[in-house]
K.L.:
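I'd like to ask you about the structure that follows.
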Amino acid sequence: PVSAQHGRRRAPPQQARDTPRPVLASAAAGVSGFAALVYEVTWTRLLVLIVGPTSYAFAIMAASFICGIAIGSSLGVQMVRRGSKAAPWLGAMLLATAVSTLVGAWFTASYLPLIVASQAAAATAFAPLLFREALAIMIVLLPASISLGATFTLALATASSGIETAARDTARVYAANTIGAVAGALLAGFFLVPSFGLQATFIQTSRVLVAAGVFIAAIAVAHPGQRRLPQHAAIVFAAGSAAVVLTFLAPQWDRDLI
């Protein structure tokens with residue numbers, strides 16, 4: 001009938017949803033929570049060496065991470081609403097966090113002390129100087145914190161299959177993220193930084209994120225029963241390999257400059 005055909009034409013197309021992967025999403029949330037708190041501890045220790053008192057360094061770091069996570073969460077929601085596949089982007093965000101953190105830490109250790117010194121030499125008041133330092137640090141920290149915020153939102157989208165299981169899936173992802181965060185804070189503060197130093201802690205944590213990102217993205221783009229890796233999986237492995245190479249090519253920080 002004409003009316004039935006008209007109704008079918010006007011019906012909005014249904015978006016194909018990803019197959020729910022709650023275990024994969026919880027693993028990604030746990031790794032991102034672990035890395036986030038390791039990064040927060042190491043960033044605070046690094047910023048203390050540059051901007052001075054711990055209270056200022058921690059406040060700048062915390063404000064930067066919170067703002068970035070809020071922005072990243074909003075971007076993750078927009079990606080899911082536009083029909084983007086959540087699971088591959090989940091792995092990509094872990095890779096983006098690792099790379100942006102390495103670049104940001106290198107810039108902070110290699111160039112930010114010179115910027116702060118030049119500003120301090122010309123400063124006439126403390127408040128404007130601190131504001132400029134905080135703004136520069138926020139710009140450096142925002143890329144990694146934005147990708148961390150998007151990671152959590154995409155993990156929720158990857159884990160949940162609908163309204164019926166949303167509460168349970170959200171609780172699992174949030175619990176995994178919290179457990180990872182607690183482990184990251186304790187391990188960074190009591191073992192990683194004292195044993196290996198700041199730069200090595202940044203590098204090793206980024207390598208963990210790269211490995212997790214490649215693993216999650218590869219699983220997301222692989223098709224069951226397919227013997228050969230699809231083209232997307234090859235791209236994922238290539239991006240992950242490049243990120244790992246970057247961790248080995250990172251130049252040593254100038255301790256005297258810091």
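When a residue number appears, it is its place in the shown sequence, counting from 1.
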K.L.:
Here's a test for you: under side chain to side chain contact (heavy atoms under 4.5 Å, CB included), which of Thr201, Leu209, Thr101, Val208 qualifies with Val38?
P.N.:
Thr201
K.L.:
Residues two or more places apart in sequence or in another chain: which of them pass ring-ring contact (aromatic ring centres under 6.0 Å, His included) with Phe131?
P.N.:
none
K.L.:
Determine whether Ile137 and Leu112 satisfy the following criterion, side-chain contact (heavy atoms from CB on, under 4.5 Å), listing intermediate values before the conclusion.
P.N.:
CA-CA 9 Å; Ile137 292 170; Leu112 195 59; 3.8 Å; yes
K.L.:
Hey, could you give me the OH/CZ distance between Tyr39 and Phe65, rounded to the nearest 0.5 Å?
P.N.:
8.5 Å
K.L.:
Minimum heavy-atom separation for Ile60 to Ser64, with atom names?
P.N.:
O-OG, 2.7 Å
K.L.:
Looking only at heavy atoms, what is the nearest atom pair of Leu90 and Ala155, with distance?
P.N.:
CD1-N, 3.8 Å
K.L.:
CG of Leu46 to CE of Met61: how many Å apart, nearest 0.5 Å?
P.N.:
11.5 Å
K.L.:
ring-ring contact (aromatic ring centres under 6.0 Å, His included) with Phe152: which residues, sequence neighbours excluded?
P.N.:
Tyr174
K.L.:
Quick one: do Leu129 and Arg132 satisfy side-chain contact (heavy atoms from CB on, under 4.5 Å)? Show the steps, please.
P.N.:
CA-CA 5 Å; Leu129 173 63; Arg132 289 193 295 269; 4.3 Å; yes
K.L.:
Would you check if the side chain of Ser26 reaches a backbone N or O of Val23 as a donor-acceptor pair within less than 3.5 Å?
P.N.:
no
K.L.:
The criterion is ring-ring contact (aromatic ring centres under 6.0 Å, His included); which residues satisfy it with Tyr56, sequence neighbours excluded?
P.N.:
Phe126
K.L.:
State whether the side chain of Glu133 and the backbone N or O of Ile115 hold a donor-acceptor pair below 3.5 Å, judged by distance alone.
P.N.:
no
K.L.:
With a 4.5 Å cut-off on side-chain heavy-atom distances among I, L, V, M, F, W and Y, is there a chain of contacts connecting Leu49 to Tyr111?
P.N.:
yes
K.L.:
Using every non-hydrogen atom in the two residues, find where Ala144 and Ser147 come nearest and quote the distance to one decimal.
P.N.:
O-OG, 2.8 Å
K.L.:
Quick one, Val80 with Trp89, criterion side-chain contact (heavy atoms from CB on, under 4.5 Å). Give me CA distance, side-chain angles, the key distance, then yes/no.
P.N.:
CA-CA 10 Å; Val80 174; Trp89 279 108; over 6 Å; no
K.L.:
Linking I/L/V/M/F/W/Y whenever their side-chain heavy atoms sit closer than 4.5 Å, directly or via other members, would Val48 and Leu192 fall into one cluster?
P.N.:
no
K.L.:
Using every non-hydrogen atom in the two residues, find where Ala212 and Val31 come nearest and quote the distance to one decimal.
P.N.:
CB-CG1, 3.9 Å
K.L.:
Enter the distance from Leu47:CG to Thr42:OG1 here, rounded to the nearest 0.5 Å.
P.N.:
9.5 Å
K.L.:
Given the rule that I, L, V, M, F, W and Y join up when any side-chain heavy atoms are under 4.5 Å apart, are Val140 and Ile146 in one cluster?
P.N.:
no
K.L.:
If you count every heavy atom of other residues, nucleotides or ligands that lies below 6.0 Å from Arg255 atom CZ, does the total exceed 12?
P.N.:
no
K.L.:
If I compare all heavy atoms of Gly189 with all of Pro194, which pair ends up nearest, and what's the gap?
P.N.:
O-CG, 3.5 Å
K.L.:
Are Leu142 and Leu135 linked, directly or through intermediate hydrophobic residues, by side-chain heavy-atom contacts shorter than 4.5 Å (ILVMFWY only)?
P.N.:
no
K.L.:
Look up atom CG in Leu37 and atom CG in Asn177, then write down how far apart they are to the nearest 0.5 Å.
P.N.:
8.5 Å
K.L.:
If I compare all heavy atoms of Ala109 with all of Leu257, which pair ends up nearest, and what's the gap?
P.N.:
O-CD2, 3.9 Å
K.L.:
Does Thr170 use its side chain to pair, donor to acceptor, with the backbone of Ala167 at less than 3.5 Å?
P.N.:
no
K.L.:
Measure the CG-CZ distance between Leu186 and Phe34 for me, rounded to the nearest 0.5 Å.
P.N.:
10.5 Å
K.L.:
Nearest 0.5 Å, please: how far is OG1 in Thr158 from CD1 in Ile216?
P.N.:
8.5 Å
K.L.:
Do Leu156 and Leu154 share a hydrophobic cluster, counting only Ile, Leu, Val, Met, Phe, Trp and Tyr and linking them when any side-chain heavy atoms are less than 4.5 Å apart?
P.N.:
no
K.L.:
Determine whether Leu94 and Phe215 satisfy the following criterion, side-chain contact (heavy atoms from CB on, under 4.5 Å), listing intermediate values before the conclusion.
P.N.:
CA-CA 10 Å; Leu94 294 179; Phe215 178 76; over 6 Å; no
K.L.:
Would you indicate whether the side-chain heavy atoms of Gln204 and Phe196 approach each other to under 4.5 Å?
P.N.:
no
